[in-house]
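The structure appears right after this line, and notes come after that.
Residue numbers begin at 1 in each chain, while the letters A, B, ... track the order of the sequences.
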Amino acid sequence: MRESKGRSIIGFPSDYVALDIETTGLDPSVDEIIELAAIRVRDGVRADTFASLVKPRNTISGFITELTGITNDMVSGAPRVESILPQFCEFIGGDVVVGHNVNFDINFIYDNLMQCSRRVFGNDFIDLLRIARKTLPELENHRLDTICGHFAVDTTAHHRGMRDCDMANECFQHYREVVAQRFGSTDEFIRMFGHKVMARDMTAAKDHFNEEHPLFNQVCVFTGTLEGMERREAMQVVMNVGGRCSDQITKETNYLIVGSLEYSSNIRGNKSSKILKAEKYVLKGQDIKVISQSTFADLLNEQV
DNA sequence: TCTCCTCGAGATCT
DNA sequence: CTCGAGGAGA
């Protein structure tokens, strides 16, 4: 299904189409499009727009009217999807499509276009939700209105097509700046996206260390899932006290910090390969300390 | 060291 | 769906 769908990509082009649709529900196989909206951007500025209500075959539920403000009266004189969707797609052309959780919109467009025109919608797309999660991990959630709140973007008339389109597009501009600020540059962000954070890529946030700290110059390896903190954060803390991080047990390893292994697929409470490897090295006389997360926390807080 | 795989957890869209 | 963690194999 959806064989010729475009690919989800990460990027910050200056030419693209931002879009948003409203529907009668969440499921593309049973629900219908009731509004289409798009903004064509050229050289980073809004060049043209497209907006239209769409008349569905079934009536719009009270819940959806409450949510979007779109009533059955409003769509009674609107075009059917089979007549307006091809125009919409013509407006989009071959552009990269941008939107918040745009995969949702793409699926509705793909299925409807296939059904009424036997054509595929193969445009590549940039899902701003992915960029938001990577860029603003500290937010409590990554719903569009929450992100707009963070960037002080106006959310008046939220859940109408053109407004959501504008909101997402404004957020896109903000991501550019935040990404450049937090990752050095958009190019660096794109390069790192989707790659595991390797221990060797970590750098300390300062260059002066207390050489008496128990983790100073100690090589630390993590296994399992930590509680209340991501592995990346933990590695950062180690770096910041002058320690070093590695992804695998070697002759250089000093500490193995063990998180919870119960969520891991092929482990199921058993020992991970890193633990087994560490125990082998210990038998050969190497001094690897296998410690729990709480012991790790104690070491960090130790004042010398 | 690198790429590709599996699995479970956790969100977001209307 | 996307992501992180760990594993297998080259």
Looking at [X], does any N or O in its side chain come under 4.0 Å of the phosphate oxygens OP1/OP2 on [N]?
X        : N      : answer
A:His142 : B:dT12 : yes
A:His100 : B:dC13 : yes
A:Lys134 : B:dA11 : no
A:Arg130 : C:dC3  : yes

What's [X] touching, base or sugar-phosphate or nothing? Going by heavy atoms closer than 4.0 Å.
X        : answer
A:Lys196 : base
A:Asp164 : sugar-phosphate
A:Asp105 : nothing
A:Gln248 : base
A:Thr68  : sugar-phosphate
A:Asp31  : nothing
A:Ile34  : nothing
A:Leu26  : base

Which nucleotide in [options] has an atom nearest any side-chain atom of [X]:
X        : options               : answer
A:Phe104 : B:dT1, B:dT14, B:dT12 : B:dT14
A:His159 : B:dT14, B:dC13, B:dT1 : B:dT14
A:Asp20  : B:dT12, C:dC3, B:dT14 : B:dT14

Would you kindly give the [atom1]-to-[atom2] distance between [X] and [N], to the nearest whole Å?
X        : N      : atom1 : atom2 : answer
A:Asp27  : B:dT14 : CG    : C1'   : 11 Å
A:Met1   : C:dC1  : CE    : P     : 9 Å
A:Ile147 : B:dT12 : CD1   : P     : 8 Å
A:His158 : B:dT14 : NE2   : C1'   : 11 Å
A:Phe108 : C:dC1  : CZ    : C1'   : 15 Å
A:Met235 : C:dG4  : CE    : P     : 13 Å
A:Asn103 : C:dC3  : CG    : P     : 11 Å
A:His195 : C:dC3  : NE2   : C1'   : 14 Å

Is the shortest heavy-atom distance from the side chain of A:Phe125 to the side chain of A:Ser8 under 4.5 Å? yes
Test applied, side chain to side chain contact (heavy atoms under 4.5 Å, CB included); reference residue, A:Ile64; option that passes from A:Ile70, A:Asp31, A:Ile34: A:Ile34
Going by the angle between their ring planes, with limits at 30° and 60°, are A:Phe172 and A:Phe12 parallel, tilted or perpendicular? parallel
Take the angle between the ring planes of A:Phe151 and A:His174 and call it parallel below 30°, perpendicular above 60°, tilted in between. parallel
Partner nucleotide of B:dA11 by Watson-Crick or wobble geometry (both distances under 3.5 Å):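 Per the H-bond distance test, none.
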Under 3.5 Å, is there a donor-acceptor pair between the A:Asn107 and A:Lys5 side chains?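 Yes, A:Lys5 and A:Asn107 have a side-chain donor paired with an acceptor closer than 3.5 Å.
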Atom OG of A:Ser294 and atom CD1 of A:Ile257: how far apart are they, to the nearest 0.5 Å?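 Reported value, rounded in 0.5 Å steps: 11.5 Å.
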